[in-house]
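In the text below, chain A, chain B and the rest are named by the order of the sequence lines, each starting its count at 1. Since the structure is predicted, the reported quantities are computational estimates derived from the model, not experimental observations.
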2 protein chains.
Amino acid sequence: MIPSQMLKGILQGSILAIISQKETYGYEISQALARYGFGTISEGTIYPLLLRLEKGGLIVARFLDTGSGPKRKYYTLTPAGQEELTQFQISYREMTAAVDSLPGFGKEESHEERDQTAPEGEQ
Amino acid sequence: MIPSQMLKGILQGSILAIISQKETYGYEISQALARYGFGTISEGTIYPLLLRLEKGGLIVARFLDTGSGPKRKYYTLTPAGQEELTQFQISYREMTAAVDSLPGFGKEESHEERDQTAPEGEQ
DNA sequence: TTGAGTATATTGTAATGCAAGGTAGTGATG
DNA sequence: CATCACTACCTTGCATTACAATATACTCAA
């Protein structure tokens, strides 16, 4: 399970990426996230996030009848949303590059300036 | 610049990884983070985090004189900290696997069940 | 009529990055 | 000697956000 704190800032961009693929709605997004390996993301997380994105002008919505069941609120990216998605991808790569360069993450590169001023026992 | 929300849950594990390499202190950690590509992480972020980790029993500290300048508080991982670091690495890989499988991240695998129930214009 | 599944929304809580502020020691510059 | 820069630590308060809990409402099957 991915801890909630690790999801902060990741979920928003991930949902933008999902919406960018095809017009979709909250319930379907939650299923897509589970399918992509994010685990079960609470609806109490997804709907407020979608409202935030809508208020922020990153996505726009329209209600569509389904013939059966409640109406669905379909979302589409705005140009600002597209831009935000691109920025997210850049930031994400920057973040993973930093973490992956950390010792013990199997992707060490450079950074061999291990200084020898190791502290001696003292009190 | 990595957005602050994206750092949540990442910073703690990253700092544990840095401490696991060698006994070190707050100021040096902030420089190491910058060197690894995290950008300038505020001291208002690092010191509270170190105190949290110490109170949580993940790290232990001892003060050492430096001969010149203020005393340094050197930190070491506890067994619980080691375990937490291992768990962080697992969660991190799980998270990046999910994000990387998202459309538009250059690492698409499987997930070709794109259903054809595309909504037709309606109102 | 009871339940499960689909679908959206709101309220309140907890976690955490960080700006802003403070303390203190050392050494160089004027 | 006064000032500044750098090292090094710490605290307070704010903003953001994932999520549990809760609510509404429609459809369909048992």
Side-chain angles (χ1 to χ4, degrees), chain A residues 1-16 24-34 38-56 58-59 61-75 88 91 95 98 117 119, chain B residues 1-16 24-34 38-56 58-59 61-75 84 88 91 95 98 115 117 119:
Chain A
M1 224 217 70
I2 305 173
S4 70
Q5 289 304 321
M6 201 179 279
L7 285 175
K8 286 183 197 284
I10 298 293
L11 255 192
Q12 170 170 327
S14 300
I15 287 180
L16 287 177
T24 184
Y25 53 99
Y27 194 81
E28 194 178 44
I29 289 172
S30 75
Q31 295 174 320
L33 286 172
F38 286 86
T40 301
I41 306 295
S42 165
E43 300 185 352
T45 297
I46 292 175
Y47 290 113
L49 210 172
L50 287 172
L51 290 178
R52 271 206 308 277
L53 293 174
E54 194 181 2
K55 279 178 194 149
L58 302 182
I59 57 179
R62 58 171 180 157
F63 278 98
L64 292 184
D65 274 325
T66 57
S68 91
K71 284 194 172 189
R72 293 170 180 166
K73 199 171 174 183
Y74 279 91
Y75 292 101
F88 166 71
S91 299
M95 187 272 288
T117 51
Chain B
M1 223 216 71
I2 305 173
S4 70
Q5 289 303 322
M6 201 180 279
L7 284 175
K8 287 184 197 284
I10 298 292
L11 253 193
Q12 169 170 327
S14 300
I15 287 181
L16 287 177
T24 185
Y25 53 99
Y27 194 80
E28 194 178 45
I29 290 172
S30 75
Q31 295 173 318
L33 285 171
F38 286 85
T40 302
I41 306 295
S42 164
E43 300 185 353
T45 296
I46 292 176
Y47 288 114
L49 211 173
L50 288 172
L51 289 178
R52 272 206 307 278
L53 292 174
E54 193 180 2
K55 278 177 194 150
L58 302 181
I59 57 178
R62 59 170 180 158
F63 278 97
L64 293 184
D65 274 326
T66 57
S68 92
K71 283 196 173 190
R72 294 169 180 167
K73 198 171 174 182
Y74 278 91
Y75 292 101
E84 178 72 17
F88 167 71
S91 299
M95 187 272 286
D115 61 334
T117 52

* Measure from CG on A/L64 to C1' on C/dA7 and round the result to the nearest Å. => 13 Å
* Structure fact -> A/I46 atom CD1 is separated from C/dT10 atom C1', nearest whole Å, by 16 Å
* Asked: Among C/dA7, D/dA18, C/dT16, which nucleotide sits nearest the side chain of A/Y25?
  -> C/dA7
* Round to the nearest Å and state the distance from A/L53 atom CG to D/dT16 atom P. => 14 Å
* To do: For A/K73, answer base if it contacts any base atom (sugar-phosphate contacts may also be present), sugar-phosphate if it contacts only those atoms, and nothing otherwise; contact means non-hydrogen atoms under 4.0 Å.
  => sugar-phosphate
* **Candidate pair B/L7 and B/F38, rule side chain to side chain contact (heavy atoms under 4.5 Å, CB included), full reasoning** => CA-CA 9 Å; B/L7 284 175; B/F38 286 85; 4.1 Å; yes
* Name the nucleic acid region contacted by B/G26, choosing base, sugar-phosphate or nothing; use a 4.0 angstrom heavy-atom cut-off, strictly under. => sugar-phosphate
* Counting side-chain heavy atoms from CB outward, which of C/dA15, C/dC18, D/dA18 is closest to A/Q5? -> C/dA15
* **Among D/dT7, D/dC19, C/dC18, the one nearest A/S42 by side-chain distance** => D/dC19
* Find out whether B/I59 and B/L16 are in side-chain contact, i.e. whether some heavy atom of one side chain is under 4.5 Å from a heavy atom of the other. => yes
* Rounded off to whole Å, could you give me the NZ-to-C1' distance for the A/K55 and D/dT16 pair? => 14 Å
* **Side chain to side chain, A/L51 and A/P48, heavy atoms closer than 4.5 Å** => no
* Which of these nucleotides, D/dT7, D/dT17, C/dT6, is closest to any side-chain atom of B/R72? -> D/dT7
* **Closest listed nucleotide, where the reference is the side chain of A/K8 and the choices are D/dA18, C/dT10, C/dC18** => D/dA18
* Asked: Is any side-chain nitrogen or oxygen of A/R52 closer than 4.0 Å to OP1 or OP2 of D/dA18?
  -> yes
* Between A/S91 (side chain) and A/F88 (backbone), is there a donor-acceptor pair under 3.5 Å? -> no
* Mind calculating the distance between CD (B/Q12) and C1' (C/dA14) to the nearest angstrom? => 15 Å
* With a 4.5 Å limit on heavy-atom distance, are the side chains of B/I46 and B/L11 in contact? -> no
* Does B/E43 make a side-chain donor-acceptor contact with the base of C/dC18, cut-off 3.5 Å? -> no
* To do: Could you work out which one of D/dT17, D/dC26, D/dA8 sits closest to the side chain of A/P70?
  => D/dC26
* Under 3.5 Å, side chain of A/S14 to main-chain N/O of A/I10, donor-acceptor pair present? -> yes
* Between A/T45 and D/dA18, does any side-chain N or O lie under 4.0 Å from OP1 or OP2? -> no
* Asked: Can you tell me how far P of C/dT16 sits from CE of B/M6, to the nearest Å?
  -> 17 Å
* Asked: Using a cut-off of less than 4.0 Å, is there contact between a side-chain N or O of B/K71 and OP1 or OP2 of C/dA24?
  -> no
* Euclidean distance, atom CG of residue B/L51 to atom P of C/dA15 [Å, nearest integer] -> 16 Å
* Check whether any side-chain nitrogen or oxygen of A/Y47 sits under 4.0 Å from OP1 or OP2 of C/dT8, and answer yes or no. => yes
* Asked: To 10°, what angle do the rotation axes through the five end pairs on each side of the helix from C/dT1-D/dA30 to C/dG30-D/dC1 form?
  -> 10°
* Can you check whether A/Y75 reaches A/T24 side chain to side chain, under 4.5 Å on heavy atoms? -> no
* To do: Classify the nucleic acid contact of A/L49 as base, sugar-phosphate or nothing, counting any heavy atom under 4.0 Å across all strands shown.
  => sugar-phosphate
* Taking only residues two or more places apart in sequence or in another chain, which ones pass salt bridge (charged side-chain N to carboxylate O under 4.0 Å, His left out) with A/K73? -> A/E54
* Once you round it to whole Å, what is the distance between P of D/dC9 and OH of B/Y27? -> 10 Å
